[in-house]
Engineer: 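Structure in structure tokens, see below.
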Protein chains: 2
Amino acid sequence: MTPRPNPGPAPEPAVATSPEPAAVPVPDPAGTPPPGSTLGMLRLDQHVCFSLQSASRAFNGLYRVLLKDLGLTYPQYLVMLVLWEHGTLPVRKLGEHLRLDSGTLSPLLKRLEAAGLVHRERSARDERSVEVRPTEEGLALRERALDIPRRIAASTGIGLDEIQDLKARLDHLTTALDTAAANEA
Amino acid sequence: MTPRPNPGPAPEPAVATSPEPAAVPVPDPAGTPPPGSTLGMLRLDQHVCFSLQSASRAFNGLYRVLLKDLGLTYPQYLVMLVLWEHGTLPVRKLGEHLRLDSGTLSPLLKRLEAAGLVHRERSARDERSVEVRPTEEGLALRERALDIPRRIAASTGIGLDEIQDLKARLDHLTTALDTAAANEA
DNA sequence: GGGCATTTAGTTGCGCACAATTTAATTGCG
DNA sequence: CGCAATTAAATTGTGCGCAACTAAATGCCC
């Protein structure tokens, strides 16, 4: 009932580690390890991946604010972007554009359909495939989204050319990481 | 029961939109809109945010492979990084380092505790606070993580200096986006 | 010192990402 | 043709991110 974790019966079996944690059990036997060293590379502030994830989440936060009016989440917005650009697409193609599989897309599309923004229909040519088509309402939403990219761009505080450069580097990085992950598997 | 969506009773009420979707309901009245135009900015390939998110997810995928041995997820690994670097920390401080709140950290830490890697104990000085301390097992895991940054770095396919430059840009971007989101609210 | 605002974690609920599995349709190959 | 392999989507289950809320402890101010 209570949100507290510990006042109950068996909360502190813990592990038979150190009998009494004096003060700082771990860090800095001789100060912060240098960035280039093996130990130093485990420092959080050395991790691009974290900066990357932080930036992505910051984007997400700004989109969340801007998309509130439209009633869309950020992933749903990306789906609508693809549909606005390409029109009706099967789920698989949608997933290729967005790097998402049916496990993510199926429930998301169900929500978009419930919101009246898309229509799903099994393909007549290939009954395995489901065609996702933006409804009139979904198409109309595009007008209300028109100024979002501009507002986002203005918020980044960097120029369009630097954005393009950044994008190119990131896409290159993504390719390299995907390749590595496939080879490590 | 069946995974199919539509053969059931009421799957196709849809919306009274277009009577018959001819072929391509949307795109390109006059070809692809140019990148700089208002319409063109809604193109997915114009969105840094998507490249950013893709790169972040690609990182995540590679980490997933490399961390499998250690039994850690990527977010759990980040938590351990902070604990290895700073030793025992209250949940709040942990969250400041990682940009996470208790809603995310509480269950994650519970899982780390169940795995025997951390110990949680309410602070004696301030009973509101919970101190998160790496166990001996948690500390020992650091040795097994030592070569992960090197393997990741090797997989990025870019130099350490460019990594640093990228990181700096991303951190700057994150700050700008956070500011914008706060002001739009 | 009493009472109220603030702070800290935890919980609940929702949506997304992803692995693994299931079902059905299609393809391919003998 | 018949049957195995492949493909498409959905489902299930787990974990993360975040908003909203709750409970408890502390700080503060009169």
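Just the heavy atoms: all of them, side chains too, but no hydrogens, waters or symmetry mates, feed the values below. This structure is a prediction, so every number in the text was calculated from the model and none was measured. Numbered from 1 within each chain, the chains take letters A, B, ... in sequence-line order.
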Engineer: Can you measure A:E113 atom CD to D:dA10 atom C1' for me and round it to whole angstrom units?
Structural biologist: 14 Å
Engineer: C:dG10 phosphate, OP1 or OP2: any side-chain N/O from B:K110 under 4.0 angstrom?
Structural biologist: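 No, B:K110 has no side-chain N/O under 4.0 Å of OP1/OP2 on C:dG10.
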Engineer: How long is the line joining CZ of A:R125 and P of D:dA9, in whole Å?
Structural biologist: 12 Å
Engineer: Does C:dA9 have OP1 or OP2 under 4.0 Å away from a side-chain N or O of B:S129?
Structural biologist: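 For C:dA9, OP1 or OP2 has a side-chain N or O of B:S129 closer than 4.0 Å.
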Engineer: May I ask you to say whether A:E113 pairs ionically with A:R120, meaning some side-chain N is under 4.0 Å from a carboxylate O?
Structural biologist: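 A salt bridge links A:E113 with A:R120.
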Engineer: Would you say B:R64 reaches C:dA19's phosphate, i.e. side-chain N/O to OP1/OP2 under 4.0 Å?
Structural biologist: yes
Engineer: Taking for each residue the nucleotide of DNA chain C bearing the nearest heavy atom, is the 5' side occupied by B:G103 or by A:Q76?
Structural biologist: B:G103
Engineer: What class does the angle between the rings of B:Y77 and B:Y63 fall in, given that below 30° is parallel, 30 to 60° is tilted and above 60° is perpendicular?
Structural biologist: tilted
Engineer: Which part of the nucleic acid does A:T73 contact within heavy-atom distance under 4.0 Å: base, sugar-phosphate only, or nothing?
Structural biologist: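 Sugar-phosphate only.
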Engineer: Send over the distance from B:D126 CG to C:dA9 P, rounded to a whole Å.
Structural biologist: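 Taking atom P of C:dA9 as the reference, CG of B:D126 is at 8 Å.
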Engineer: Under 4.0 Å between a Lys/Arg side-chain N and an Asp/Glu carboxylate O for A:R99 and A:D178?
Structural biologist: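 Salt bridge present between A:R99 and A:D178.
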Engineer: Does D:dA9 have its OP1 or OP2 closer than 4.0 Å to a side-chain nitrogen or oxygen of A:S102?
Structural biologist: no
Engineer: What's the NZ-P distance between B:K93 and C:dA9, to the nearest Å?
Structural biologist: 11 Å
Engineer: Taking the side chain of A:R57 as heavy atoms from C-beta outward, which of D:dC18, C:dG10, D:dA25 is closest to it?
Structural biologist: D:dC18
Engineer: What nucleotide, of D:dG15, D:dA25, D:dA10, holds the atom closest to the side chain of B:R128?
Structural biologist: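 Selected nucleotide: D:dA25.
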Engineer: Can you identify which nucleotide, out of C:dG10, D:dT26, D:dA10, has its nearest atom closest to the B:E127 side chain?
Structural biologist: D:dT26
Engineer: Using a heavy-atom cut-off of under 4.0 Å over every strand shown, decide if A:Q53 touches base, sugar-phosphate, or nothing.
Structural biologist: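 Result for A:Q53 = sugar-phosphate.
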Engineer: Can you tell me the distance, in whole Å, between the CD atom of A:E96 and the P atom of D:dT7?
Structural biologist: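 Nearest whole value for this atom pair: 12 Å.
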Engineer: Taking the basic N atoms (NZ, or NE/NH1/NH2) and the acidic carboxylate oxygens, is any pair closer than 4.0 Å for B:D165 and A:R169?
Structural biologist: yes
Engineer: Please determine, for the side chain of A:T104, which listed nucleotide (D:dA9, C:dA17, C:dA9) has the closest atom?
Structural biologist: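 Taking heavy atoms from C-beta onward, the closest nucleotide is C:dA17.
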Engineer: What heavy-atom pair brings A:K167 and B:Q46 nearest, and what distance separates the two atoms?
Structural biologist: CD-C, 4.4 Å
Engineer: Can you check the A:L105 CG to C:dG15 C1' distance for me, whole Å?
Structural biologist: 13 Å
Engineer: Work out which heavy atom in A:L139 is nearest to a heavy atom in A:W84; give both atom names and the distance.
Structural biologist: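 Heavy atoms of A:L139 and A:W84 come nearest at CA-NE1, 4.1 Å.
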Engineer: Quick one: A:L112 CG to C:dC14 P, roughly how many Å, whole number?
Structural biologist: 18 Å
Engineer: Specify the residue among B:D101 and B:L108 whose closest nucleotide of DNA chain D lies further upstream toward the 5′ end.
Structural biologist: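 On the 5' side of the pair lies B:L108.
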Engineer: May I ask you to verify if any side-chain N or O of B:R92 is less than 4.0 angstrom from the OP1 or OP2 atom of C:dT8?
Structural biologist: yes
Engineer: If you assign B:P75 and A:K68 each to the DNA chain D nucleotide with the nearest heavy atom, which residue ends up on the more 5' nucleotide?
Structural biologist: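 Upstream on the strand: B:P75.
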Engineer: Nearest whole Å is fine: how far is D:dA8 C1' from A:L109 CG?
Structural biologist: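 For the pair A:L109 CG and D:dA8 C1', the rounded distance is 13 Å.
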Engineer: Mind checking if A:L100 touches a base, just sugar-phosphate, or nothing, with heavy atoms under 4.0 Å?
Structural biologist: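 Sugar-phosphate contact only.
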